[in-house]
Structures are given as C-alpha cells and as structure tokens.
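Presented below is the structure to which this report refers.
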Amino acid sequence: MILRSLGLFAALVAPLAFGADAAPAAWKVGTDYELIEPPVAQTAPGKIEVTEVFSYGCPVCNFSVAAINKIRKGLPPNAVMTFVPASFIPAEDWPMFQRAYLTSQALGIAEQSHDAMFDAVWKTKELATMNDDGRTLKKSMPTIEDAAKFYAKFGVKAEDFVATANSFSINTKMKQADAYVKATQTDGTPMIIVAGKYRLIASQRDWSKAEQLIHYLIQLETAAK
C-alpha cells in the first residue's frame with residue numbers, strides 16, 4: 001500500500017495550480033472515475049459529500065494538503081468536504097492516527113487541528129513515524145498519549161483526550177471508518193469519493209484535473225436528484 005502512495009508523489013509534485021479551463025470535454029467511467037456499487041450512505045443531511053480518505057502517516061496526503069484545502073474552499077453551497085481516516089498500514093501507525101483524528105472530531109477540534117497534525121508528523125517531527133533519512137521507520141512509533149500532548153495545544157487536556165480516544169464510541173467510529181474504506185474499495189491514499197457513489201481513479205490524482213472532475217460529479221449528482 002505505502003509503495004503505491006509513494007509512487008503517486010511524483011505525479012502530484014507539479015500540478016497545484018489549476019483553473020476552470022482544465023476540464024476535459026467529457027469525463028468517462030472507468031477512465032476518470034469508477035462507480036461504487038452499492039453506493040455508501042452519506043452523513044451530511046442535504047449535502048453532497050466530497051470525502052478524502054487519508055492518513056496523517058501518508059506522505060502523499062501530507063503533500064496534498066494545500067490542494068485539498070483549495071478544493072474544499074471552492075465547493076458549491078450544496079457540497080461539503082468530509083474526511084475518513086484509513087488504518088490499513090499498521091506498520092506505519094495508521095490505526096493510531098485514525099484514532100487520533102476521530103477523537104479530535106468527537107471533541108470538536110478536528111477542523112482547527114487537521115493541518116497542524118500533518119505538520120507534527122512531517123515538519124516538526126514531534127509525531128514522526130520515519131527516521132530522518134526519510135526511508136526507514138522508527139523503532140518506537142508515536143502513541144495516542146503522544147498525540148494527546150499535541151492536541152492539548154487546542155484546549156483539550158491530554159488525559160481527557162486519551163480517555164475519549166479509548167472509549168467505546170471511538171472504537172465504534174474506527175470500525176465505521178474501516179467499513180467505509182472497504183465499501184468504497186479504497187486501496188490507496190489520498191482517495192477522493194464523491195456522494196458515496198464515485199471514486200476518482202488513481203491516475204486522476206493530478207490535482208490540476210481532480211477539482212474539475214469533482215465539480216462535474218457534483219453536478220451529475222445534483223441533476224440526478
């Protein structure tokens with residue numbers, strides 16, 4: 001899995017500047033996006049969800065933060081960006097990062113801490129999983145207690161964060177996130193899902209085109225209602 005994510009890095013390096021003229025004349029199922037059958041239920045009432053399946057431990061997700069934020073800010077009023085944390089690479093601490101995100105969400109600090117969490121893993125390295133060589137994993141991975149110290153910067157006591165993180169509610173949310181990843185057949189990150197029905201194909205993770213495709217799929221879903 002991680003090799004696939006790292007392999008996408010080169011494809012994402014150049015195209016962060018894009019505009020309305022970038023969209024092809026027609027988007028095609030099987031070439032640009034795939035249908036999810038059966039569709040996955042959405043959770044935002046009255047909105048079309050544009051969902052990023054991600055992990056703080058994913059280097060491509062980290063690189064893509066600026067592009068994802070641009071897409072989120074450019075969504076039409078009837079659409080909303082949501083995030084589902086993946087856990088399918090335990091060796092790189094993804095289950096802990098999944099637990100941490102869902103806990104921050106439950107405590108109401110996910111939005112303000114989301115970008116900073118990527119920085120904590122990849123910039124300041126306070127929650128890094130990789131050694132300084134950028135190729136090998138640390139022998140000791142960050143724990144939920146380590147993450148709690150980071151989230152304390154956002155007004156939540158570390159002990160309260162840990163207690164919530166280890167609760168039945170968060171365990172349930174983790175199972176739900178895993179079920180979403182499985183139902184959408186997500187096998188790499190970042191992955192974009194629109195309306196629980198459309199999955200962008202890996203080659204479409206060129207952000208110069210992805211935003212236009214997302215808007216097309218939103219329009220397609222809007223017209224179908």
Applying side-chain contact (heavy atoms from CB on, under 4.5 Å) to Phe161 and Thr164, what does each step give before you reach the verdict? CA-CA 5 Å; Phe161 189 92; Thr164 302; 6.0 Å; no
Side-chain polar contacts of residues 36-44 - donor-acceptor pairs under 3.5 angstrom, sequence neighbours left out - could you list them?
residue: Gln42; atom: OE1; partner: Glu49; partner atom: N; Å: 2.5
residue: Thr43; atom: OG1; partner: Glu49; partner atom: OE2; Å: 2.9

Pairing residues for Thr184 by the side chain to side chain donor-acceptor pair (under 3.5 Å) criterion, not counting sequence neighbours: Thr186
Smallest heavy-atom separation, Phe118 atom then Ser55 atom, equals CE2-O, 3.6 Å
So how far is it from Met141 CE to Phe97 CZ, rounded to the nearest 0.5 Å? 8.0 Å
Look up atom CZ in Arg72 and atom CG in Asn69, then write down how far apart they are to the nearest 0.5 Å. 5.0 Å
In Å and rounded to the nearest 0.5 Å, what is the CD1 to CZ distance from Ile68 to Phe63? 12.0 Å
Pairs in or reaching into residues 150-167: which pass salt bridge (charged side-chain N to carboxylate O under 4.0 Å, His left out), with residues at least two apart or in two chains? Glu126-Lys153
Counterpart residues, side chain to side chain donor-acceptor pair (under 3.5 Å), relative to Asp132 (two or more places apart): none
Taking side chain as C-beta onward, heavy atoms only, is Pro142 less than 4.5 Å from Met96? yes
Taking C-beta and beyond as the side chain, do Val194 and Ile192 meet within less than 4.5 Å on heavy atoms? yes
Side-chain heavy-atom pair Asp178, Phe88 within 4.5 angstrom cut-off: no
Any side-chain heavy atom of Ser64 sitting closer than 4.5 Å to one from Trp207? yes
Just grab all the salt bridge (charged side-chain N to carboxylate O under 4.0 Å, His left out) pairs involving residues 113-123, residues at least two apart or on different chains. Asp119-Lys123
Quick check: are there more than 12 heavy atoms from other residues, nucleotides or ligands sitting under 6.0 Å from NZ of Lys182? no
Counterpart residues, ring pair (Phe, Tyr, Trp, His ring centres under 6.0 Å), relative to His215 (two or more places apart): none
For a quick test of your reading: what N or O donor-acceptor pairs under 3.5 Å do the side chains of residues 144-152 make, sequence neighbours left out?
residue: Glu145; atom: OE1; partner: Thr143; partner atom: OG1; Å: 3.3
residue: Asp146; atom: OD2; partner: Thr143; partner atom: N; Å: 2.9
residue: Asp146; atom: OD2; partner: Thr143; partner atom: OG1; Å: 3.2

Can you check whether Pro59 reaches Trp122 side chain to side chain, under 4.5 Å on heavy atoms? yes
Test side chain to side chain contact (heavy atoms under 4.5 Å, CB included), reference Ile193, set Tyr33, Tyr180, Tyr198, output is Tyr180
Using 0.5 Å steps for rounding, measure from the CE atom of Met191 to the CZ atom of Phe54. 15.0 Å
Side-chain heavy atoms of Thr136 within contact of Asp133, under 4.5 Å: yes
For Glu34, give me all partners under salt bridge (Lys or Arg N to Asp or Glu O under 4.0 Å), at least two apart in sequence or on another chain. Arg199
Could you walk me through whether Val29 and Leu35 pass side-chain contact (heavy atoms from CB on, under 4.5 Å), step by step? CA-CA 7 Å; Val29 177; Leu35 297 177; 4.1 Å; yes
For a 4.5 angstrom cut-off between non-hydrogen side-chain atoms, does Trp27 reach Gln212? yes
Can you list, pair by pair, the side-chain donor-acceptor contacts under 3.5 Å of residues 73-84, counting residues two or more places apart and other chains?
residue: Asn78; atom: ND2; partner: Thr222; partner atom: OG1; Å: 2.9
residue: Thr82; atom: OG1; partner: Thr51; partner atom: OG1; Å: 2.6

Side-chain polar contacts of residues 101-112 - donor-acceptor pairs under 3.5 angstrom, sequence neighbours left out - could you list them?
residue: Thr103; atom: OG1; partner: Arg99; partner atom: O; Å: 2.7
residue: Ser104; atom: OG; partner: Tyr101; partner atom: O; Å: 2.6

What is the distance from atom CG of Leu137 to atom CG of Asp93, rounded to the nearest 0.5 Å? 9.5 Å
Decide yes or no for Gln176 and Thr172: does some side-chain heavy atom of the first lie under 4.5 Å from some side-chain heavy atom of the second? yes
Mind checking side chain to side chain donor-acceptor pair (under 3.5 Å) for Ser140 and listing every partner two or more places apart, or none if nothing turns up? none
For Lys197, enumerate each residue passing the salt bridge (Lys or Arg N to Asp or Glu O under 4.0 Å) test, keeping only those at least two apart in sequence or located in another chain. Glu221
